[in-house]
Novice: 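Sending over a structure as structure tokens; questions will come in a sec.
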Amino acid sequence: MPPSDQILLLGPPYKVPKDSTLQQGEILHSLRLGDGEDNLPTSDDPILNTTESTGAKRLFLFSKHALSMQAPDPPPCVLEPINLILPTESGPSPLQLGSPEQQHSPLYQALAVYERRFMLHLDQGKVLADGSDLRLSACRTCIAEQAIMARALRAAVSNLSVHLNGTLRLRSEFTTDFHSKTASHLSLLQRFESLMSSLSGIPLHPALVTAARASGRVMETLLDTVPVEKERAWATQCQTSHERLITMFSELENGFSQLGTTASREQEARRDLEAEEEIKSLWNEVRGVGQKIRDRQAQRLETLTSNHGKVVKVIMDAIAEDGAQTAFTILEEMSKASADLIPAMKDDDQISIKLTEKLAAAKTTAMKRMKVRLREVSVAQSGIQRVNSSVGVLKEALAQQCENMIHLEHVAELPDAYRDFVSEICRRRAYGGAVTSSSTAMMERLASMREDEVKAREKFLRGAGRHLMPAFYEIFTPTLATPPPLFTPQLPAMLEMDTLPDVGPTENVGGSSSAASPMQGGISSASTLTASSHPQVEEQSSMATDNPTNEHLIVSADEQTDNELSSANACVDAERKTLAYENAVLRQAIERMGSKSPRTYIDEAKAGDTHSVNVLNLQKELGEAKAEARKMKELLRKKKADEKASDKISHSSFKVHDVALFMPTGRGSGKRTYLAFHTNCPHHYLSTDNIEGEPNFVLGRIVYQEDLVAGELGTDANPYGLHVGTKFFVNTVEVLNPLS
């Protein structure tokens, strides 16, 4: 058998061996144990009764050609010898009758007839006994071969079970995942038009409408912010892909059904077990009937041999002692006593023939069944491979469908995202106001401290300083009569505040939030910057009354000033705006945790005064929200650090929140297009919504990225003149530089 036609199974557990040379010592030892177990038992031990606990292994060789549909049926089994040819004439006589006169004597010839008769029976008995031995040996060999076939079928079924169980596990896991994802996809596709209609009923905040008009756009509802035609075309494409997925899954389920059911596999296992039980029954019959026949035939042959020897001795004694009459009597008695031996041996021979024919027919049936079962196993293995391949293809298709559905999920989540957006704008404006007020309070505090220092220096110079010698002013401390330095820090301008629309308090935006967890951020308090400012006012007032005179000195300061009142007002304003920022952060955290605004909690508490438990629950939720917000302070700091790090211009990859530099290029459908500056990351284009005029470059942060595939040249599906099938990206950005 050529190696290309061979299938090897080594086990248990039965698998194709990785090393076909089988030179490892452990494997060779296990195979020797298996060979010893496969020998027919010599005692009363049953056949096919060994388990895997012995550590023995077996190696089975199958032919691919024999498993094909074109393979011929196995030839009928014939166990030799079928019929025995008994001698009709006796062999050479061992008698020595002496002289020719004695040989021709009628008396001696009559004695020779008895010897010839016993000799013929002896020769026939030898043939029958030898035939019994040969048939018993053929029956044992036949049983051994059927046992090997049964073990080989066990190995094939075991290997099939390993692959089938793995495929069934894969089916269970994939089916659950497939139904879960396709159900959500189908729900989203069915709700798509209603979702689009609902967006038209959600008005944009007036500040956002005004900002859109200032940019030359008319946007009044959430639907106006959506590229409707593109989303609908995409939804149609996703619907087609969804239907194709369902069709592919139905074909996959059909492939799984062709692998058989648990009931059919159990029925086949019962039939295999019945076949093995039949082999055991035949072995018991061979060991019980065939071996007993062989033993009886041997005993009868031994009797015939003994009788022939006795006949020869009686005849020789009669010739020597001239006692022929006595010899005739003895020989006649022996002839009558052994008359039933040959007929009995012939009867047992017929029983042996029937047993041999039964075993041969059983082996023929077993070989035919073995061919059918191995063919079924081969077909099932091929089906398993096809199903596994189909699962892999369907997995990739499902993953691509999930990626495609993300664009439609943006539409479904847009109302909640819009509410979070308004809440975020409110929080950022509160933050900007808090930072600005805190900075103003700090500057007022520094100015107040400088005025106090001026007054203290003036008091010193009017007092003890008048009595110091010039050396103290010129040599020891040249700056003794100079005013304190003017501290004028340049804080960065809050440019972001100019870009944030004034959407008012978050109570104006109702609805739930889609976020599953509180805002990842903390609450920074500016009150610590102004906490000590109020006592300073009294201190300044008391110092102002210490010097009643108003003489002209090197350092001058006005005793009557309004800085105290101004500093106090700045501190109060900083405290107020800081509290407003903290309130905005807590409000956003509560909305995201409880899916409703804080005002809703208050209204529910007022409506349920008789149910104090509800009020306590709301207070508990509010306390938990505050604690969670405080815990998130460090995470917000890290997030801000990461955002600051992300301000670097990306060039090797582009994703949402990355900063990209777009340069003009002439490639496209006749008008100027902008391509991202990149390194081995082509086909990232700037959306036309971000292009006004013909700037030399556009620097912006990516806020939306659309993944597309180029269609036919000259169509809207290929606006940049790319090769058909090329994957490209259209990026919508937040412009970071003024267009030039």
Side-chain angles (χ1 to χ4, degrees), residues 181 225-227 230-231 233-234 237-238 241 395-411 413-414 417 420-421 424 496 499 514-515 517 520-521 635-669 671-692 695-711 716-740:
K181 291 182 178 178
T225 65
V226 179
K230 288 184 178 180
E231 291 294 339
W234 192 257
Q237 181 178 347
C238 290
S241 300
K395 272 187 175 180
E396 295 179 358
L398 180 61
Q400 183 62 44
Q401 178 72 352
C402 292
E403 184 177 349
N404 295 341
M405 290 296 295
I406 292 177
H407 298 286
L408 302 185
E409 291 174 359
H410 294 330
V411 177
E413 298 294 332
L414 185 56
D420 285 348
F421 162 78
E424 177 70 10
E496 184 185 47
T499 64
S514 61
S517 61
Q520 301 294 317
L635 291 178
L636 179 60
R637 184 187 64 78
K638 293 182 179 179
K639 182 178 179 182
K640 290 181 178 180
D642 294 340
E643 290 179 353
K644 183 176 180 181
S646 66
D647 289 341
K648 297 181 180 178
I649 298 177
S650 300
H651 62 90
S652 59
S653 65
F654 301 95
K655 58 182 182 295
V656 176
H657 303 310
D658 286 351
V659 176
L661 177 63
F662 295 88
M663 308 295 289
T665 176
R667 187 172 187 179
S669 55
K671 64 179 181 179
R672 201 174 193 187
T673 59
Y674 288 79
L675 179 66
F677 174 77
H678 66 89
T679 301
N680 297 327
C681 190
H683 308 313
H684 282 265
Y685 295 93
L686 181 64
S687 173
T688 55
D689 295 341
N690 294 108
I691 303 175
E692 295 182 3
N696 295 328
F697 66 91
V698 176
L699 180 66
R701 186 184 306 278
I702 299 174
V703 297
Y704 178 74
Q705 189 175 76
E706 190 172 8
D707 184 0
L708 301 171
V709 178
D716 293 341
N718 193 353
Y720 303 109
L722 303 174
H723 293 292
V724 177
T726 302
K727 189 175 182 180
F728 66 97
F729 304 86
V730 178
N731 299 274
T732 302
V733 303
E734 174 190 359
V735 179
L736 300 181
N737 71 302
L739 299 179
S740 58

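Position 1 is the first residue of the sequence, and the numbers go up from there.
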Novice: Suppose we screen for side-chain contact (heavy atoms from CB on, under 4.5 Å). Which residues come up paired with Thr726, at least two apart in sequence or across chains?
Specialist: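 Thr726 satisfies side-chain contact (heavy atoms from CB on, under 4.5 Å) with His683, Ala710, Leu722, His723 once adjacent residues are dropped.
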
Novice: Can you name the closest pair of heavy atoms from Asn731 and Phe729 and give their distance?
Specialist: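 Looking at all heavy atoms of both residues, the shortest contact is ND2-O, 3.8 Å.
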
Novice: Who are the side-chain contact (heavy atoms from CB on, under 4.5 Å) partners of Pro682, not counting sequence neighbours?
Specialist: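 Here the qualifying residues are His678.
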
Novice: According to ring-ring contact (aromatic ring centres under 6.0 Å, His included), who are the partners of His407, at least two apart in sequence or on a separate chain?
Specialist: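 For His407 the ring-ring contact (aromatic ring centres under 6.0 Å, His included) partners, ignoring immediate neighbours, are Trp234.
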
Novice: Does Phe677 CZ have over 12 foreign heavy atoms under 6.0 Å away?
Specialist: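 No.
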
Novice: For Pro664 and Pro695, which heavy atoms make the closest approach, and how far apart are they?
Specialist: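 That closest heavy-atom pairing would be CG-O, 4.4 Å.
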
Novice: Using the test side-chain contact (heavy atoms from CB on, under 4.5 Å), find all partners of Lys395 that sit at least two apart in sequence or belong to another chain.
Specialist: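 side-chain contact (heavy atoms from CB on, under 4.5 Å) list for Lys395, sorted by chain: Leu170, Phe174, Val391.
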
Novice: Which residue pairs satisfy the salt bridge (Lys or Arg N to Asp or Glu O under 4.0 Å) criterion with at least one member in residues 725-735, sequence neighbours excluded?
Specialist: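 Every salt bridge (Lys or Arg N to Asp or Glu O under 4.0 Å) pair that includes a residue of residues 725-735, provided the two are not neighbours, is Asp707-Lys727.
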
Novice: If you measure from CG on Asn680 to NE2 on His651, what distance do you get to the nearest 0.5 Å?
Specialist: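 Going from CG on Asn680 over to NE2 on His651, the span is 10.5 Å.
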
Novice: With sequence neighbours excluded, what pairs up with Val709 under the side-chain contact (heavy atoms from CB on, under 4.5 Å) test?
Specialist: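 Residues passing side-chain contact (heavy atoms from CB on, under 4.5 Å) with Val709: none at all.
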
Novice: Does the plane of the ring in His684 sit parallel, tilted or perpendicular to the ring in Phe654? Use 30° and 60° as the thresholds.
Specialist: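 His684 and Phe654: tilted rings.
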
Novice: Is the distance between the ring centroids of Phe728 and Tyr720 less than 6.0 Å?
Specialist: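 Centroid separation for Phe728 and Tyr720: below 6.0 Å.
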
